[in-house]
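Keep in mind the model is a prediction, meaning the values are calculated, not measured. Quick note: residue numbers are just sequence positions, from 1.
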Amino acid sequence: MDDISVAICDDSALMRNLISRIIDETEGLTVAGKAMNGQFLVEKLDLFKPDVIILDIEMPVMTGVEFLRWRKQNKVDVPVIILSSIAEKGAAVTIECLELGAADFITKPNGSISADISSVSDRLIELIASYGGSYARRHGKQVRSSDFFANLGSDRLVERKLASKMGADKAKEFLASTAAKPASSFGSSFASSEPKGPATIEPLRKPGRIEVIAIGISTGGPNALRDVFKMIDPHLKQPVLVVQHMPAGFTKEFANSLNKICALNVKEAEDNEPIESGNIYIAPGNYHIYVEQTPLGKKMLRLSQEPQRNGHRPSADVLFESVAKIYQNRALGVIMTGMGRDGAVQLAEMRKQGAWTLGQDEATAIVYGMPKVAYELGGVQKQVPLEKMADEISKLARENS
């Protein structure tokens with residue numbers, strides 16, 4: 001197997017070394033090279049030949065934003081993950097980076113040179129594996145599956161929990177000397193990446209007219225949603241409810257960014273607001289979003305901070321569950337790129353209630369996780385490539401309005 005190669009661009013030598021250590025200690029990843037600013041990275045990019053770039057924003061000589069502008073002008077397609085302390089305090093700058101073509105972002109914990117970078121290591125590896133792995137496969141490499149890296153994250157979680165109870169050394173000794181291995185085995189992770197045939201769901205009723213569209217999406221979502229909403233039917237009548245896994249403080253700017261390129265009105269959802277046609281509602285970070293019906297039959301959006309579901313808040317399962325209950329067969333559910341299984345179970349429930357359902361296909365998903373599980377559960381009527389998703393949603397909505 002080939003390794004996913006990673007270029008690190010950060011003006012802090014400490015951060016470059018800390019990130020390098022995380023990558024070096026992860027099977028399947030390798031450091032292609034390190035740069036102290038964007039200009040150095042530009043000069044060394046052909047030498048590094050990375051599958052993915054980890055990029056700081058605030059740097060001397062050439063900032064991260066300036067590098068992204070250069071990347072766009074020169075049509076460089078290597079995916080970029082923003083890892084910056086400014087991301088936390090400057091949501092607008094972070095979203096500007098996404099508009100310029102960055103794939104995703106992570107906020108540095110406790111400032112720009114914190115040794116606590118390990119607290120975001122699992123998320124960092126997930127994004128490297130997802131975006132870097134997708135790029136590497138498109139360019140002929142044989143790299144490990146996203147499931148492989150997800151299982152490594154599960155292993156590290158088990159080890160950390162054991163370490164908190166018995167100490168790090170004893171935890172490692174325990175795992176090495178007993179059959180009580182962490183939650184996954186490396187060998188099984190390859191087999192699990194192969195999609196199974198779908199289960200059979202017999203809907204309780206035939207699909208009806210579509211009154212609402214619900215979308216669940218995660219890793220790979222920011223750019224995928226830009227592609228969809230840029231091409232969505234400007235005359236779409238149905239409201240669209242979106243769960244995109246994103247931290248608190250960023251979804252309002254993200255919605256504003258989408259609003260600039262979409263003919264429909266895109267906004268961050270608010271609690272107790274009526275659901276109106278022609279609007280796209282983005283779930284706020286750290287809040288579940290769901291539909292509630294008043295005694296007079298009016299549909300309202302509700303927000304909650306109930307516990308995470310499937311490790312997420314907002315959770316696509318929470319949204320889909322409410323749509324299945326309130327709208328039954330009068331809805332369209334869409335599940336797109338993302339690691340894990342959030343949304344899969346309740347998309348299958350939507351299908352059981354008679355709703356229309358779509359899933360992004362494996363070839364175009366940055367991570368074929370959520371849509372794969374939904375497909376295996378029988379919840380996906382049709383798998384659709386990203387470039388055709390806007391047309392497919394628009395056509396179904398138009399023909400069944």
Quiz item: If you draw a 6.0 Å radius around NE2 in His235, do more than 12 non-hydrogen atoms from other residues or ligands fall strictly inside?
Solution: no
Quiz item: Does Leu83 reach the side chain of Lys108, with side-chain heavy atoms less than 4.5 Å apart?
Solution: yes
Quiz item: Quick check: are there more than 12 heavy atoms from other residues, nucleotides or ligands sitting under 6.0 Å from CD of Glu202?
Solution: no
Quiz item: What orientation do Phe48 and Phe40 show, parallel under 30°, tilted 30 to 60°, or perpendicular over 60°?
Solution: tilted
Self-check item: Validation row: Asp147, Lys372 side chains within 4.5 angstrom (heavy atoms)
Solution: yes
Practice problem: Please confirm whether the backbone N or O of Thr357 pairs with a side-chain atom of Gln381, one donor and one acceptor, at under 3.5 Å? | Solution: yes
Quiz item: If you take all heavy atoms of Ala344 and Val373, which pair is closest and at what distance?
Solution: CB-CG1, 3.6 Å
Quiz item: What closest approach, in Å, do Ala136 and Val143 show between heavy atoms, and which atom pair accounts for it?
Solution: CB-CG1, 3.9 Å
Quiz item: Arg16 and Ser20: side-chain hydrogen bond (donor to acceptor under 3.5 Å, both in side chains), yes or no, with the steps?
Solution: CA-CA 6 Å; Arg16 293 196 299 272; Ser20 294; over 6 Å; no
Quiz prompt | Closest non-hydrogen atom pair between Leu301 and Ala269, with its separation | solution = CD1-CB, 3.9 Å
Practice problem: Mind listing the closest non-hydrogen atom pair of Arg351 and Gly378 along with its distance? | Solution: CG-O, 3.8 Å
Quiz prompt | Under 3.5 Å donor-acceptor, Thr251 side chain and Phe254 backbone | solution = no
Quiz item: Nearest 0.5 Å, what's the CD1-CD1 distance between Ile393 and Ile213?
Solution: 6.5 Å
Quiz prompt | Of Ile19, Asp24, Leu18, the residue whose pairing with Arg21 passes side chain to side chain contact (heavy atoms under 4.5 Å, CB included) | solution = Leu18
Quiz item: Taking the side chain from Thr364 and the backbone from Pro385, do they hold a donor-acceptor pair closer than 3.5 Å?
Solution: no
Self-check item: Met36 atom CE, over 12 foreign heavy atoms within 6.0 Å
Solution: yes
Practice problem: Count the heavy atoms belonging to other residues, nucleotides or ligands that lie under 6.0 Å from CG of Asp46, then report whether that count exceeds 12. | Solution: no
Quiz item: Going through the distances and angles, do Val212 and Val323 end up as a side chain to side chain contact (heavy atoms under 4.5 Å, CB included)?
Solution: CA-CA 8 Å; Val212 70; Val323 170; 4.1 Å; yes
Quiz item: Just how far is it from atom CG of Leu236 to atom OG of Ser277, taken to the nearest 0.5 Å?
Solution: 9.0 Å
Practice problem: Would you check if the side chain of Arg313 reaches a backbone N or O of Asn286 as a donor-acceptor pair within less than 3.5 Å? | Solution: yes
Quiz item: Is a side-chain donor or acceptor of Ser401 paired with a backbone partner of Arg398 at a separation under 3.5 angstrom?
Solution: yes
Quiz item: Counting only N and O atoms by type, is there a donor-acceptor contact under 3.5 Å from the side chain of Thr337 to the main-chain atoms of Val367?
Solution: yes
Self-check item: Nearest heavy-atom neighbours spanning Arg137 and Ser146
Solution: NH2-N, 3.9 Å
Quiz item: Short question: side chain of Gln328, backbone of Ala355 - any donor-acceptor pair under 3.5 Å?
Solution: no
Exercise. Indicate yes or no: at least one non-hydrogen side-chain atom of Glu270 is less than 4.5 angstrom from one of Tyr287.
Key: no
Quiz item: Going by heavy atoms in the side chains, are Trp70 and Val76 under 4.5 Å from each other?
Solution: yes
Quiz item: Does the Glu392 side chain pair with the main chain of Val384, one donor and one acceptor, at a distance under 3.5 Å?
Solution: no
Self-check item: Sidechain N-carboxylate O distance under 4.0 Å for Glu268, Lys252
Solution: no
Self-check item: Given Lys325, Lys299, Lys298, the one that forms side-chain hydrogen bond (donor to acceptor under 3.5 Å, both in side chains) with Gln293
Solution: Lys299
Quiz item: Judged by modelled atom types alone, do Ser257 and Glu99 share a side-chain donor-acceptor pair under 3.5 Å?
Solution: yes
Exercise. Check whether any side-chain heavy atom of Gln353 lies under 4.5 Å from a side-chain heavy atom of Met350, and answer yes or no.
Key: no
Quiz item: Are more than 12 heavy atoms from other residues, nucleotides or ligands located less than 6.0 Å from atom CZ of Arg341?
Solution: no
Practice problem: Could you tell me whether Asp3 and Lys141 have a side-chain N and a carboxylate O separated by less than 4.0 Å? | Solution: no
Quiz prompt | side-chain hydrogen bond (donor to acceptor under 3.5 Å, both in side chains) partner of Asp342, the single match among Arg309, Gln308, His312, His245 | solution = His245
Self-check item: Ile261 vs Val266, side chain to side chain contact (heavy atoms under 4.5 Å, CB included): CA-CA, chis, key distance, verdict
Solution: CA-CA 10 Å; Ile261 61 169; Val266 186; over 6 Å; no
Self-check item: Separation of Phe229 CZ from Asn259 CG (nearest 0.5 Å)
Solution: 11.0 Å
Quiz item: Can you tell me how far NZ of Lys34 sits from NZ of Lys44, rounded to the nearest 0.5 angstrom?
Solution: 14.0 Å
Quiz item: Is the closest side-chain donor-acceptor distance between Asn37 and Asp11 under 3.5 Å?
Solution: no
Exercise. Side-chain contact test, heavy atoms from C-beta onward, threshold under 4.5 Å: evaluate it for Asp104 versus Asn223 and give yes or no.
Key: no
Quiz item: What closest approach, in Å, do Ile335 and Pro371 show between heavy atoms, and which atom pair accounts for it?
Solution: CG2-CA, 3.9 Å
Quiz item: Should we count CD of Glu43 as having more than 12 external heavy atoms under 6.0 Å?
Solution: yes
Quiz item: Rounded to the nearest 0.5 Å, how far apart are CG of Asn400 and NZ of Lys395?
Solution: 10.5 Å
Practice problem: Using distance alone, with no hydrogens and no angle criterion, decide if Tyr368 and Gln383 have a side-chain donor and acceptor under 3.5 Å apart. | Solution: yes
Exercise. Give the intermediate values and the outcome of side chain to side chain contact (heavy atoms under 4.5 Å, CB included) for residues Val31 and Val6.
Key: CA-CA 5 Å; Val31 176; Val6 186; 5.6 Å; no
Quiz item: Does any N or O in the side chain of Tyr135 come within less than 3.5 Å of the main-chain N or O of Asp77, such that one atom is a donor and the other an acceptor?
Solution: no
Practice problem: State plainly whether the residues Glu126 and Arg123 are in salt-bridge range, i.e. N to O under 4.0 Å. | Solution: yes
Practice problem: Starting from the C-alpha separation in whole Å, work towards a yes-or-no answer on side chain to side chain contact (heavy atoms under 4.5 Å, CB included) for Val318 and Ile289. | Solution: CA-CA 7 Å; Val318 171; Ile289 181 175; over 6 Å; no
Exercise. Indicate yes or no: at least one non-hydrogen side-chain atom of Cys9 is less than 4.5 angstrom from one of Asp56.
Key: no
Self-check item: Point-to-point distance, once rounded to the nearest 0.5 Å, from NE2 of His288 to OG of Ser322
Solution: 11.5 Å
Quiz item: Is there side-chain contact between Asp10 and Ile54, with heavy atoms separated by less than 4.5 Å?
Solution: no
Quiz item: Side chain of Ser394, backbone of Ile232: donor and acceptor closer than 3.5 Å?
Solution: no
